[in-house]
Amino acid sequence: MGGKGAVAVIGAGTMGNGIAHVFAQAGFSVTLIDVNAVQLAKAIATIGKNFDRQIAKGTISEEVKASAMANISSSSDIATGVQNADLVIEAATENVDLKLKIFKQIDEASPKDCILATNTSSISITKIAAVTQRPGLVIGMHFMNPVPVMKLVEIINGYATNKQITATIVELSKLLGKIPCVVNDYPGFIANRILMPMINEAIYSLFEGVAGVEEIDTVMKLGMAHPMGPLQLADFIGLDVCLSILKVLQDGFGNPKYAPCPLLINMVMAGKLGVKTGEGFYVYQAGSKELVVAERR
Ligand SMILES: NC(=O)c1ccc[n+]([C@@H]2O[C@H](COP(=O)([O-])OP(=O)(O)OC[C@H]3O[C@@H](n4cnc5c(N)ncnc54)[C@H](O)[C@@H]3O)[C@@H](O)[C@H]2O)c1
C-alpha cells in the first residue's frame, strides 16, 4: 500500500481514473469509489492500459506499474471509502445537486481534518463548501484531461478556504509532478472563463458565415499556435458541456457577452454533441484519424 497518505477519489469516469492513476503512481494509497460497479471495473482496466502505454514509451518501468496498481483499491460505498482518507477528491458527474449531496455524505463520513477537494469544471466551490461543517477545508482541484499527461492543476480557493489548505494542495500537486496555479472562485475560474468565450466566438463566426469550420480551426492552429482549433476542441469537450459552462458564465456574471450561440444550442438539441456521439463540427468514425467536416443543414 502507498505510504504517502490515503486519498479517496469519488467517481471512476474519465477524470476519476486519471486522478487515481497519478496519485497511485506518486505513492499514495488510493480508494476509487463509484456507484456503478461496471464503471469501477472499467476504470481499473483503463488505468492498467494507460500504465502499459507509459511503459511502451519508456517513461516508467513494469515495477512502477506493479507498485502503483497495488496502491489502488475500489469501493462502491462512499461512507466506507472515505472513512480513513487524508484527502477526498470528488470527480463525479457535473451536476450541482449531486455534488452537494456527495459533499454532505463525505463531510459526515470522513475524518474531521480530511481535506475535501472537487474537480468540478464550473460549479462554485463556495456553494459546495457551504453544505459542509468544514468550509475552510474545501478547495477546487481542477485537473485537465487526460490527467496523466496534462501538467496543469487549477487550484480554486473558495470564499472560506484556509490559506494553509491552499499551500498544502499546491505542494501536493507538485509532488504529483504537476504545475499548480491558484485562482479564486468566480464563474468558470480561469480556464473556462477564457476558453469558453473563445469557443463561443468561433461558433458565432461559423454561424454568421464569416468562415467555414476548417478555415476557423486552421487560422487558430497556424496563426496562434494552438494544438487544436476551437471547433475541434469543442467536439472533444462535448458541445453539451460547453453549453452548460457558458450558461454558468452568463448566469454568474449577468453579462450578455457570455450568451451561447444559437447554433451551439441547436446542435445540442439535435444530439450532435461531438466525439462522444460521433458528430459535432466534424464527423468521427471508429478507427479513422482523418478530420471530416460534418454537413450542416
Ligand atoms: N472530462 C473532462 O474533460 C473534464 C475536465 C476537467 C474537469 N472535469 C470535471 O470532472 C468531473 C467528472 O467528469 P468526467 O468527465 O470524469 O465524468 P464521467 O461521466 O466520465 O464520470 C463521472 C462518474 O461519476 C460517477 N458517479 C455519479 N454519481 C456518483 C455518486 N453519487 N457517487 C460516486 N460516483 C458517482 C458515474 O458513475 C461516473 O462513473 C466533473 O465535475 C467534470 O466537470 C471533466
Side-chain angles (χ1 to χ4, degrees), residues 8-22 30-47 50 74-82 85 88-110 116-125 127-128 131 138-156 173 178 181 183 185 187-196 199 228 232-249 273-277 280:
V9 179
I10 301 182
T14 310
M15 298 305 286
N17 82 58
I19 295 168
H21 177 133
V22 295
V30 178
T31 307
L32 186 55
I33 305 165
D34 203 295
V35 282
N36 181 339
V38 176
Q39 188 67 29
L40 262 181
K42 217 169 110 187
I44 302 284
T46 302
I47 295 171
N50 289 338
S74 62
S75 169
S76 52
D77 179 58
I78 289 187
T80 48
V82 304
V88 177
I89 303 180
E90 173 278 319
T93 314
E94 186 79 343
N95 172 301
V96 66
D97 294 332
L98 174 70
K99 290 202 193 274
L100 297 183
K101 188 178 128 206
I102 290 175
F103 269 79
K104 278 187 202 152
Q105 280 176 289
I106 54 182
D107 188 39
E108 276 167 24
S110 64
L116 309 185
T118 171
N119 187 51
T120 180
S121 305
S122 62
I123 296 167
S124 162
I125 310 302
K127 185 172 192 163
I128 291 173
V131 301
V138 177
I139 193 161
M141 207 174 177
H142 186 201
F143 289 87
M144 306 290 131
N145 184 21
V147 181
V149 176
M150 298 290 279
K151 284 278 177 206
L152 177 69
V153 183
E154 188 179 28
I155 294 173
I156 305 115
S173 303
K178 303 293 182 200
C181 277
V183 311
D185 182 28
F189 318 134
I190 285 295
N192 283 315
R193 179 175 180 160
I194 295 173
L195 175 64
M196 288 302 158
I199 286 176
M228 199 183 270
Q232 190 188 359
L233 181 55
D235 275 358
F236 269 89
I237 294 169
L239 300 195
D240 53 337
V241 175
C242 295
L243 178 59
S244 94
I245 298 175
L246 280 162
K247 284 183 179 162
V248 167
L249 294 173
L273 307 183
V275 176
K276 63 186 163 191
T277 60

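All ligand and atom numbering here is 1-based and tracks the order in the structure.
Although no hydrogens or angles enter the test, the distance criterion places a donor-acceptor pair under 3.5 Å between the side chain of N119 and the main chain of F143. A donor-acceptor pair is defined here as one N or O able to donate and one able to accept, closer than 3.5 Å; no such pair exists between the side chain of D107 and the backbone of F103. With hydrogens and angles disregarded, no donor-acceptor distance shorter than 3.5 Å links the side chain of D235 to the backbone of V275. Side-chain atoms of K276 never come within 3.5 Å of backbone atoms of I237 as a donor-acceptor pair (strictly under, hydrogens ignored). Side-chain atoms of K99 come within 3.5 Å of backbone atoms of A92 as a donor-acceptor pair (strictly under, hydrogens ignored). Using a distance-only test at 3.5 Å, with no hydrogens or angles considered, no donor-acceptor pair links the side chain of E90 to the main chain of I10.
Scanning all protein heavy atoms for the shortest distance to atom 11 (C) of ligand 1 gives A92 O, 3.4 Å. Atom 38 (C) of ligand 1 has as its closest protein heavy atom D34 OD2, 3.5 Å. Protein heavy atom nearest atom 2 (C) of ligand 1, with residue, atom name and distance: M15 SD, 3.7 Å. The protein heavy atom nearest to atom 27 (C) of ligand 1 is T93 OG1, 3.3 Å. Looking from atom 41 (O) of ligand 1 to the surrounding protein, the closest heavy atom is E94 OE1, 2.5 Å. Of the protein's heavy atoms, L98 CD2, 3.6 Å lies nearest to atom 28 (N) of ligand 1. The nearest heavy-atom contact from the protein to atom 20 (O) of ligand 1 is T14 N, 3.0 Å. The nearest heavy-atom contact from the protein to atom 32 (N) of ligand 1 is V35 CG1, 3.6 Å.
For ligand 1, the polar-atom distance check finds no N/O of N36 at less than 3.5 Å from any of the ligand's N/O atoms.
When non-hydrogen atoms are compared, ligand 1 lies under 4.0 Å from the side chain of K99 (C-beta onward) but not from its backbone. When heavy-atom distances to ligand 1 are checked against a 4.0 Å cut-off, I102 comes that close only through its side chain, counted from C-beta outward.
Atoms of ligand 1 lying under 4.0 Å from at least one heavy atom of F143, given by number and element, are 6 (C). Near G11, meaning under 4.0 Å from any of its heavy atoms, are these atoms of ligand 1: 24 (O), 34 (N). Listed by number with element, the atoms of ligand 1 under 4.0 Å from a non-hydrogen atom of N119 are 7 (C), 8 (N), 9 (C), 10 (O). Under a 4.0 Å criterion applied to the non-hydrogen atoms of T120, ligand 1 contributes the atoms 41 (O). If you number the atoms of ligand 1 from 1 as listed, the ones under 4.0 Å from a heavy atom of H142 come out as 6 (C), 7 (C).
Under the 4.5 Å side-chain criterion, counting only non-hydrogen atoms from C-beta, T118 is not in contact with I89.
Of the inter-residue distances, the one linking H142 atom NE2 with T120 atom OG1 reads 7.5 Å to the nearest 0.5 angstrom. I102 contributes atom CD1, which lies 11.0 Å from atom CG of D97 (distance to the nearest 0.5 angstrom).
Comment: D185 does not engage K127 in a salt bridge, judged by the lack of any side-chain N to carboxylate O separation of less than 4.0 angstrom.
Comparing S121, G18, A191 by heavy-atom distance to atom 42 (C) of ligand 1, the nearest is S121.
Within a 4.0 Å radius of atom 34 (N) of ligand 1, the protein has at least one heavy atom.
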Residues S122, E94; criterion side-chain hydrogen bond (donor to acceptor under 3.5 Å, both in side chains); working and verdict: CA-CA 8 Å; S122 62; E94 186 79 343; 2.8 Å; yes
